[in-house]
Number of protein chains: 2
Amino acid sequence: MTFSTADTPLVRVHNARAALDLLRREAPLSRVEIARRLGTTRPTGSAVVTTLVEVGLVREVPSPAAGGRGALYEPVAEAAHGLALDVGGRVLRLAVTDLSGRVVARRTVEHHGASPRELAEVAVGLRDAALAEAGLAPADLSATVVGVPGVLDPRSHRLTRANPDRAGGPAVADAVTRGLGHEPQVENDINLAALGERASGRAQGVDDFAFLSVGTGVGSGLVLGGALHRGRHGAAGELELSGSEGSAAEHALLRLVAEGREGGTPTSLAADATPADVFEAAAGGDPLATAVLGELAARLARHIGDLARVVDLELVVLGGGIGSRCAGLLDDIETRLHGTVLFPPRLAIASLHGSPVLDGAVSLATASAYAVAIGRLDATSSPAPAADPDTADRDRPGPGSIPAAGAGRRRRRTP
Amino acid sequence: MTFSTADTPLVRVHNARAALDLLRREAPLSRVEIARRLGTTRPTGSAVVTTLVEVGLVREVPSPAAGGRGALYEPVAEAAHGLALDVGGRVLRLAVTDLSGRVVARRTVEHHGASPRELAEVAVGLRDAALAEAGLAPADLSATVVGVPGVLDPRSHRLTRANPDRAGGPAVADAVTRGLGHEPQVENDINLAALGERASGRAQGVDDFAFLSVGTGVGSGLVLGGALHRGRHGAAGELELSGSEGSAAEHALLRLVAEGREGGTPTSLAADATPADVFEAAAGGDPLATAVLGELAARLARHIGDLARVVDLELVVLGGGIGSRCAGLLDDIETRLHGTVLFPPRLAIASLHGSPVLDGAVSLATASAYAVAIGRLDATSSPAPAADPDTADRDRPGPGSIPAAGAGRRRRRTP
DNA sequence: GGACTTTAGTAAGACTCTTTTACGAAAGTC
DNA sequence: GACTTTCGTAAAAGAGTCTTACTAAAGTCC
């Protein structure tokens, strides 16, 4: 990592960014109040606000007191928008957000075994419908985030391992990507779920945690030191090799049931019982269901133990079709963790309303759109805008880091 | 994380930092060459160099061509020094470094069962001897790093779990800390070894790897995304609960030998064989030794598999008394990893010359001393220096991040 | 060996941005 | 209704970089 040099106009950009950042946290503030909170002088604070208003990122909140006196300012949430898309196994979820993170339009559609191309068409149709509802044009989208199952190589941005028994698959991701244009940011769905739990779920304010998804398969998304950790090949948190030791958590569960029945364990479970049935039966005291869930708890404790020993987490959030039903198993799992892990993490069940994956995609799309919007400050202060498309895609726009005067806004050398 | 505002003089500091950073990478450069490399204009580059020379961080390299024409500049390595101390199980290692990372004095001493207080006295004595050799005074040390076995809480900076069967222990760390004054930065020894392998060992240039120490116990240090990952309680990488499933790798190995002998496996190993003997015997084809090392390989493969599945590493470096002898087992381990891990990491044996722990401590101490030295730029441009002691201790001085104009150097508000 | 070209380094003026100091006006308070 | 507090702006000074221009040293070519 190497330093880039700073310019005099750059400090204005920097201060404007600080002011906008402040306004995003504390809604309506006056000019001098901004200056105070920023630690600058009144004239500077005022000038910075003027800059932000000119760029269109901040506006005077229409107050009842019409006089220009004591005017309050707020960020313009509609200055940019982001698109979030979750390509799930059975449904396609889509949301359009503004800069405040508010969802201004939302769509969900079931897609039973659609081909990749059909899926892409559906996605584009959904997007256009949502945009129409929000009164926006495709060009108004500054960032797009697509969540898909599978492992994404962080360098090539390609799917290297798609979970074959889920809808995803490289073809879908590619088709959707092409259909949407605008080069979206493709991210693993479980990683997004982790971000979702952090943005609006059970992991708010937690800097070291994992989202453990237990459904058709078992996988996890890791947030370490406040940032998503993807690993060298984007495979961090892939706890089970698909195909190994009876992965596919759901199948494993049902197989246990079948074996128990054959073994003669008394049970009220039907032959075609679903995982939900197992949980229900266990709650009613069914012996076989109870035993099966005991096995599940042991297996989850093993995974959580591995996670905690390696990266030392504060919290593990359980989600997914099976994981989100495990509230009754938490005590059992906790007991098993004691004596296995130096510092057992807290356990929680994922928030149940809405989709954590879409929440995470929304959160990422909002952050990316914000990064793009902030770029306007750079652009206006320089002759050559040179909007670097990669800059927007960089995750975590790193507060405190100066935006590299390098690329576009360099002065010309003497001829 | 919140932004701080920027000041006009701050851009000078920022540019000076960039110039120094550049000079540290590419040794002797002329004023205009610096300007060119930095992407600034000649006048600015020249002014920045002048600033750095005034502060004493850069000097003109005495060239044969006496004329001021074409003068070259280099960083002043002696502008600050750091102290690195490794409190090992049997020996105390100490090194004094300059800003270039060069070790200017080094001491090693055996300490058999010394009390914590004695140990601290020995450490202080060593330090003074090393300083005398280097012609320095204690006040010349800008940073001190102490490596100890045990888990350090990153918030309280206290030892929460000291490995009882190693020399460390909280008392030693405390005593050494007090004896050295100057509030040293205490770090887990295996974490330091990881940093050492990255700075000057087998992990140079690798951003995601683990140092797996196999000796009396098994533990690992993780570097993720280029930075040390300590975890919520500083226990990341503590793969075995001390006391569980026959931890203490060395004991486990010897117990396997004993069991094998009783079980009648043919062997040439004596009853009091050491781990080194086992490796030697296995090399000679001894059946029992071979079997025991097979067990060891299986165990290491399990640990490495856990690490790789959770954080997806590029490389795992094996070190420690037993780990560094495992070159012959790497193929075996690799085979076991296939089919267990999606992307098996590369494997390597730790560099054998010198001590990785001390190397890591040296690297950290150098970085901290550099951060302190850089602080002089801030100080000289402000009326109130207000040297924040915590700033120096922050690991990874984060290039690209601006040093928070906040604290000391704020203007006074209008009365 | 001498003239020409390239390059290192500096000097002066313009521009940007922050700070300081000062001033005017609106809003609250007794 | 007068006084005080606070919001907001204006003007000048300080700091830093950029542009342009200039000097002088070192190569280079004939």
Side-chain angles (χ1 to χ4, degrees), chain A residues 4-19 28-54 60 63-73 377-378 380-384 402 405 409-415, chain B residues 4-19 28-53 60 63-73 377-378 380-383 402 405 409-415:
Chain A
S4 61
T5 52
D7 217 356
T8 325
L10 219 157
V11 345
R12 179 55 145 281
V13 171
H14 187 239
N15 287 344
R17 187 187 289 241
L29 264 60
S30 73
R31 291 172 110 102
V32 304
E33 187 60 28
I34 290 171
R36 235 196 312 266
R37 297 292 246 287
L38 249 42
T40 16
T41 56
R42 290 191 291 280
T44 311
S46 189
V48 164
V49 170
T50 303
T51 302
L52 285 170
V53 171
E54 280 170 357
E60 186 178 330
S63 98
R69 182 74 187 170
L72 298 178
Y73 293 84
L377 286 170
D378 254 319
T380 52
S381 78
S382 79
I402 250 193
R409 58 180 316 290
R410 251 316 153 217
R411 79 292 302 164
R412 54 182 187 272
R413 188 77 44 247
T414 65
Chain B
S4 62
T5 52
D7 218 356
T8 327
L10 220 157
V11 345
R12 180 55 146 282
V13 171
H14 187 238
N15 287 344
R17 188 188 287 242
L29 264 61
S30 73
R31 290 172 111 103
V32 304
E33 188 59 27
I34 290 170
R36 236 195 310 264
R37 297 291 245 286
L38 248 43
T40 18
T41 57
R42 291 190 291 280
T44 310
S46 189
V48 163
V49 170
T50 303
T51 302
L52 284 170
V53 170
E60 187 179 329
S63 97
R69 182 72 187 171
L72 298 179
Y73 294 83
L377 286 170
D378 254 320
T380 51
S381 78
S382 81
I402 249 191
R409 57 179 318 289
R410 251 317 154 216
R411 77 292 301 164
R412 53 183 187 273
R413 188 74 47 250
T414 65

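Each chain gets a letter, A, B and so on, in the order the sequences are listed, and its residues count up from 1.
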Set out, line by line, the N/O atom pairs under 3.5 Å between protein and nucleotides 12-15 of chain C.
none

I'd like a list of close polar pairs between nucleotides 4-7 of chain D and the protein, N/O only, cut-off under 3.5 Å.
unit_1: D:dT6; atom_1: O2; unit_2: A:Arg69; atom_2: NH2; d: 3.0
unit_1: D:dC7; atom_1: OP1; unit_2: A:Arg36; atom_2: NH2; d: 3.3
unit_1: D:dC7; atom_1: O4'; unit_2: A:Arg69; atom_2: NH2; d: 2.8
unit_1: D:dC7; atom_1: O2; unit_2: A:Arg69; atom_2: NH1; d: 2.6
unit_1: D:dC7; atom_1: O2; unit_2: A:Arg69; atom_2: NH2; d: 3.2

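In this structure, the CG atom of A:Leu10 is 11 Å from the P atom of C:dT18, given to the nearest Å. B:Leu72 has its CG atom 8 Å from the P atom of C:dG9, to the nearest Å. In this structure, the CG atom of B:Asp7 is 11 Å from the P atom of D:dA15, given to the nearest Å. Rounded to whole Å, atom P of D:dG8 lies 11 Å from atom CG of A:Leu29. The distance between atom CD1 of B:Ile34 and atom P of C:dA8, rounded to the nearest whole Å, is 12 Å. Taking atom CG of residue A:Leu38 and atom P of nucleotide C:dT19, one finds them 10 Å apart after rounding to whole Å.
Scored by the side-chain hydrogen bond (donor to acceptor under 3.5 Å, both in side chains) test, A:Ser30 finds no partners at all (sequence neighbours excluded). Not counting sequence neighbours, the partners of B:Arg37 by the side-chain hydrogen bond (donor to acceptor under 3.5 Å, both in side chains) test are B:Glu26, B:Glu33. Residues satisfying the side chain to side chain contact (heavy atoms under 4.5 Å, CB included) test with B:Val49, not counting sequence neighbours, are B:Arg31, B:Ile34, B:Val53, B:Tyr73.
For B:Val48 against B:Ala16, the heavy-atom pair with the smallest separation is CG1-CA, 3.5 Å. Taking each heavy atom of B:Ala35 and B:Gly45 in turn, the nearest pair found is CB-CA, 3.9 Å.
Residues B:Leu52 and B:Leu377 are in side-chain contact: their nearest non-hydrogen atoms beyond the backbone lie under 4.5 Å apart. Between A:Val11 and B:Val11 there is a side-chain heavy-atom pair separated by less than 4.5 Å. Contact annotation: the side chain of B:His14 never approaches that of A:Thr5 to less than 4.5 Å [non-hydrogen atoms, C-beta and beyond]. At a threshold of 4.5 Å between non-hydrogen side-chain atoms, the residues B:Thr8 and A:Thr8 count as touching. Residues B:Leu29 and B:Leu72 fail the side-chain proximity criterion, which asks for heavy atoms closer than 4.5 Å.
With hydrogens and angles ignored, the 3.5 Å screen pairs a side-chain donor or acceptor of A:Thr50 with a backbone N or O of A:Ser46.
Side-chain nitrogen and oxygen atoms of A:Thr44 include at least one within less than 4.0 Å of the OP1 or OP2 phosphate oxygen of C:dT19. The side chain of A:Asn15 places an N or O atom within less than 4.0 Å of a non-bridging phosphate oxygen (OP1 or OP2) of C:dT18.
Across all strands, A:Ser46 comes closer than 4.0 Å only to sugar-phosphate atoms, never to a base (heavy-atom distances).
Rounded to 10°, the angle separating the first-five-pair axis and the last-five-pair axis of the helix from C:dG1-D:dC30 to C:dC30-D:dG1 equals 10°.
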